[in-house]
Amino acid sequence: MEKKAAGRRGIEQAAVHMVKALLCAYVVTGVMLLVLTLLLYKMGLSEENVNAGIILTYVISTFSGGFVIGKLMGRRKFLWGLFAGVLYFVLLLLISLGVYHSLQGAMMNLLTTFFLCAGGGMLGGMVS
């Protein structure tokens with residue numbers, strides 16, 4: 001029974017750490033999108049610049065989430081970072097589905113976004 005309780009505590013602790021990492025990633029996303037919006041408003045950025053800013057936002061946000069989860073978990077950091085990046089993408093996809101009731105963009109764009117999020121999280125975990 002003690003092993004079950006210890007295992008449950010470990011899973012709960014990992015879940016709490018993951019929520020903290022994802023919260024960090026989404027706070028960074030919000031700040032970066034706010035800055036991008038202000039730059040778009042003040043400087044009239046082109047569509048290419050806005051797209052580059054969004055890609056940079058994905059990578060930096062998932063990097064920060066991967067870094068946080070790597071620091072908190074201490075072991076297998078790159079796997080935890082990868083998992084944080086994948087969860088970030090899944091939540092992003094679910095939010096998009098909730099708002100638009102359909103997937104926006106081509107499947108290739110979704111696949112690219114998935115790899116950017118997973119790669120950014122894994123890199124953050126490796127650096128931590």
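All values derive from a computational prediction rather than experimental measurement.
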[X] to [Y] - nearest heavy-atom pair and separation:
X   : Y    : answer
V86 : A118 : CG2-CB, 4.1 Å
S61 : A25  : O-CB, 3.3 Å
A21 : V68  : CA-CG1, 3.9 Å
V50 : L36  : O-CD2, 3.9 Å
A14 : M73  : CB-CE, 3.9 Å

Please determine whether the number of non-hydrogen atoms from other residues, nucleotides or ligands lying under 6.0 Å from atom CZ of F78 exceeds 12.
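Open.
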Shared hydrophobic cluster for [X] and [Y] (ILVMFWY, side-chain gaps under 4.5 Å):
X   : Y    : result
L56 : L40  : no
L39 : Y41  : no
L97 : L111 : yes
I69 : M122 : no
M32 : I55  : no

Atom [atom1] of [X] and atom [atom2] of [Y]: how far apart are they, to the nearest 0.5 Å?
X    : Y    : atom1 : atom2 : value
L38  : K42  : CG    : NZ    : 8.0 Å
T29  : L22  : OG1   : CG    : 10.0 Å
L116 : I54  : CG    : CD1   : 12.0 Å
L82  : R76  : CG    : CZ    : 13.5 Å
N109 : M107 : CG    : CE    : 10.5 Å

Is a donor on one side and an acceptor on the other found under 3.5 Å between the side chain of [X] and the backbone of [Y]?
X   : Y   : result
S96 : L92 : no
Y88 : Y26 : no
T62 : V59 : yes

Is the closest side-chain heavy-atom distance between L93 and L110 below 4.5 Å?
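L93 reaches L110 side chain to side chain.
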Would you say W80 and M18 make side-chain contact, with heavy atoms under 4.5 Å?
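They are in contact (side-chain heavy atoms under 4.5 Å apart), so the answer is yes.
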What orientation do F89 and F114 show, parallel under 30°, tilted 30 to 60°, or perpendicular over 60°?
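Correct class here is perpendicular.
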